[in-house]
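In what follows, every chain begins at residue 1, and chains take the letters A, B, ... in the order their sequences are listed. Bear in mind the structure is a predicted one, so any value in this text is a computation, not a measurement. In what follows, every heavy atom counts, from backbone to side chain, and hydrogens, waters and symmetry copies are set aside.
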There are 2 protein chains.
Amino acid sequence: MVKKVTISDVAKLAGVSKSTVSRYLNQGYISDKNAAIIKKAITDTGFKSNFFAARLKTKFNKLIGIVVPRIDSYSAGQTLAGINEILTQEQYQSIIVTSELDSTKEIQAIHQFNQQGVDAIIVISVGITQEKLSLMQQYSTPTIFVGQQHPDLNYIKLNDEKAGMLLGQHLEQCQFKNCVYLNVNKSDKAIGIERCQGFLQAFNGNVHFINTDFSFEHAYLHAPEILKFKPDVIVGATDNIALGVFKYLQEKNIKIPNDIAVAGFGGYPVSEISSPALTTISFNFKLLGKNAAFSILKLLVGKTFHSCLEDNFKLLIRSSTQL
Amino acid sequence: MVKKVTISDVAKLAGVSKSTVSRYLNQGYISDKNAAIIKKAITDTGFKSNFFAARLKTKFNKLIGIVVPRIDSYSAGQTLAGINEILTQEQYQSIIVTSELDSTKEIQAIHQFNQQGVDAIIVISVGITQEKLSLMQQYSTPTIFVGQQHPDLNYIKLNDEKAGMLLGQHLEQCQFKNCVYLNVNKSDKAIGIERCQGFLQAFNGNVHFINTDFSFEHAYLHAPEILKFKPDVIVGATDNIALGVFKYLQEKNIKIPNDIAVAGFGGYPVSEISSPALTTISFNFKLLGKNAAFSILKLLVGKTFHSCLEDNFKLLIRSSTQL
DNA sequence: CTGTTAGCGCTTTCAA
DNA sequence: TTGAAAGCGCTAACAG
């Protein structure tokens with residue numbers, strides 16, 4: 001049982017003062033001789049700086065709060081991995097809180113992070129509300145919203161409208177005429193509205209809407225409603241939704257794409273494995289995460305940051321829409 | 001810009017001392033009258049206790065360090081979600097560090113968490129080494145290893161050997177005679193050795209081994225080596241590995257399971273979507289995560305904890321091994 | 001370049 | 001039941 005070793009222990013062993021050790025640890029305004037002695041003392045004692053003590057003093061201690069809808073989803077995992085990659089390089093650590101797709105919990109988390117005094121906050125948001133806007137005015141912790149946009153906020157997101165158009169164009173070119181679009185709740189403006197509107201701009205056939213949540217299961221259960229519209233193509237607002245439909249169609253022995261074509265958004269790896277492979281818009285969530293991290297780092301050193309819509313996605317035309 | 005509100009602000013507003021507020025926040029040795037006043041003052045000011053200050057003083061502040069191999073993997077995501085669910089309920093927060101499947105980084109992370117003074121550590125480990133064992137003797141922070149076992153450690157993991165046997169039995173019953181087993185590095189004892197040995201205990205045919213890493217891509221690239229063994233069944237140590245093979249076989253127009261059967265371990269959702277659906281051992285990683293969290297909570301209140309092998313898995317027989 | 005000194009915001013004896 | 005005072009481990013002036 002090693003006793004927790006503090007900066008004082010190191011100082012004592014090195015025969016210098018605590019501040020000298022502290023200087024060694026931080027800026028490094030220190031003689032080579034002492035630096036060497038302290039270095040040795042640190043390795044000998046196994047000292048690591050106490051995060052909390054340092055933090056309490058400096059109010060800047062390399063801690064980022066991250067709010068994420070769910071931790072066990074592909075897009076969240078990728079985004080977090082991207083954020084993490086950059087943050088780790090810069091020796092930042094992060095505390096992750098899940099909002100469980102609930103706007104109220106998202107707000108609570110932002111509150112808490114502000115009061116706990118993290119250096120900055122990244123919110124992978126489920127939607128911008130009035131309440132969130134006024135919350136952001138109250139607090140001064142640098143904060144970036146990922147995945148949703150609003151002119152009064154720092155945000156970074158994929159251009160969902162453009163992504164919607166891209167898929168719409170493809171299906172238009174395939175000459176589909178009657179589409180069922182499985183959409184998510186419109187409180188998610190990015191997916192529920194922007195993505196969908198982009199699609200409608202480019203696709204000229206009929207479009208019928210059915211509402212689902214984000215889950216494979218929910219889409220599967222609501223799939224029977226689809227058929228009464230006699231569509232020639234079905235679009236899921238996410239790949240999971242599309243694949244829920246997939247399962248249903250296959251069980252009913254409806255051939256994809258011969259009888260009905262299917263397409264989605266996301267580019268989840270499973271879309272490649274399904275049979276037939278799913279046509280989808282493949283988003284680079286990891287890069288989005290990296291860029292979010294870069295942006296928060298900029299904000300942290302006082303540089304200005306420009307909210308932006310990213311084009312990190314591409315159309316993957318696969319067999320589910322083409323013979 | 002709301003100024004950060006401290007316990008002093010609340011005390012001032014409530015007309016009591018800091019210690020009274022602190023007591024209200026913690027044990028609650030306080031008059032009803034003051035409790036009410038303080039409660040109001042807290043909501044009025046929007047006060048939230050500063051984590052770091054509290055932590056510095058108490059050395060117990062609801063912070064758990066989690067080491068995870070990768071954040072963007074299905075099993076990690078599920079396990080983290082399970083851990084998170086329980087920890088959140090108990091008002092704990094967690095700092096997640098990725099080891100990138102690297103044992104050295106895992107050790108560094110454990111070091112760092114110990115010195116930063118987290119209350120407890122959960123390590124989703126890539127393998128137990130001598131160095132880790134001696135590390136654990138040095139430090140006193142309650143720590144649980146997930147996914148790997150060793151008699152000298154607190155651990156909780158799935159019974160990989162039993163899982164291996166379960167799949168071996170099935171393939172034996174299918175009367176396969178010549179198997180290629182795509183295994184991962186043996187430094188991952190749970191998957192590389194235990195799972196494999198369980199399989200060998202139950203399966204009586206020939207088994208040839210090929211080494212891969214955990215990735216879909218790697219398995220895909222090494223798939224050509226498989227065919228020279230002319231197997232009637234291929235087993236991947238994880239579903240990703242099996243699916244990498246899947247892709248190769250399909251490209252070569254080899255029929256599954258008619259020409260060669262395929263099976264995996266994991267029960268990743270994608271195994272259900274693939275065509276044919278993949279026979280696999282489905283692990284309940286989320287439950288594993290929950291149980292890990294429960295265990296760490298026990299340890300934290302001083303209760304004894306018994307390391308254990310869990311049976312949260314089942315064999316899913318699907319079309320990739322049966323006509 | 002270094003040591004002394006004074007806190008960061010909170011909890012926790014100790015008296016009252 | 002409450003307040004005053006001390007101090008967790010660290011950093012940051014300040015003087016030297």
Using whole Å, report how far [atom1] of [X] lies from [atom2] of [N].
X: B/K12; N: C/dC10; atom1: NZ; atom2: C1'; result: 15 Å
X: A/L25; N: D/dC10; atom1: CG; atom2: C1'; result: 10 Å
X: B/I7; N: D/dC8; atom1: CD1; atom2: P; result: 19 Å
X: A/K48; N: D/dC10; atom1: NZ; atom2: C1'; result: 17 Å
X: B/Y24; N: C/dT11; atom1: OH; atom2: P; result: 13 Å
X: A/I38; N: C/dG3; atom1: CD1; atom2: P; result: 8 Å
X: B/F52; N: C/dG9; atom1: CZ; atom2: P; result: 13 Å
X: A/I42; N: D/dC10; atom1: CD1; atom2: C1'; result: 13 Å

Polar pairs (N or O, both sides) under 3.5 Å between protein and nucleotides 12-16 of chain D?
none

Salt bridge (charged side-chain N to carboxylate O under 4.0 Å, His left out) contacts in which one or both residues fall within residues 22-31 of chain B, not counting sequence neighbours:
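Sorted pair list comes back empty.
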Please work out which of the three classes, parallel, tilted or perpendicular, describes the rings of A/F52 and B/F51, given edges at 30° and 60°.
tilted
Has A/S295 got a side-chain atom pairing as donor or acceptor with A/F305's backbone, closer than 3.5 angstrom?
no
If you count the non-hydrogen atoms of other residues, nucleotides and ligands that lie under 6.0 Å from NZ in A/K12, is the total more than 12?
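No, not enclosed.
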More than 12 heavy atoms of other groups within 6.0 Å of B/K298 NZ:
no
Minimum-distance nucleotide (side-chain atoms of A/N34 versus D/dT1, C/dT2, D/dG9)
C/dT2
Minimum-distance nucleotide (side-chain atoms of B/N50 versus C/dC10, D/dT11, C/dT4):
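Nucleotide nearest to B/N50's side chain: C/dC10.
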Could you point out which residue of A/D119, A/I296, A/L63 forms a side-chain contact (heavy atoms from CB on, under 4.5 Å) with A/Y92?
A/D119
Under 4.0 Å: is that the gap between some side-chain N or O of B/S31 and OP1 or OP2 of D/dT2?
yes
Looking at A/T6, I'd like to know whether one of its side-chain N or O atoms comes within less than 4.0 Å of OP1 or OP2 on D/dG9.
no
Decide yes or no on side-chain contact (heavy atoms from CB on, under 4.5 Å) for B/N312 and B/L158, but give the supporting numbers first.
CA-CA 7 Å; B/N312 305 322; B/L158 292 159; 3.8 Å; yes
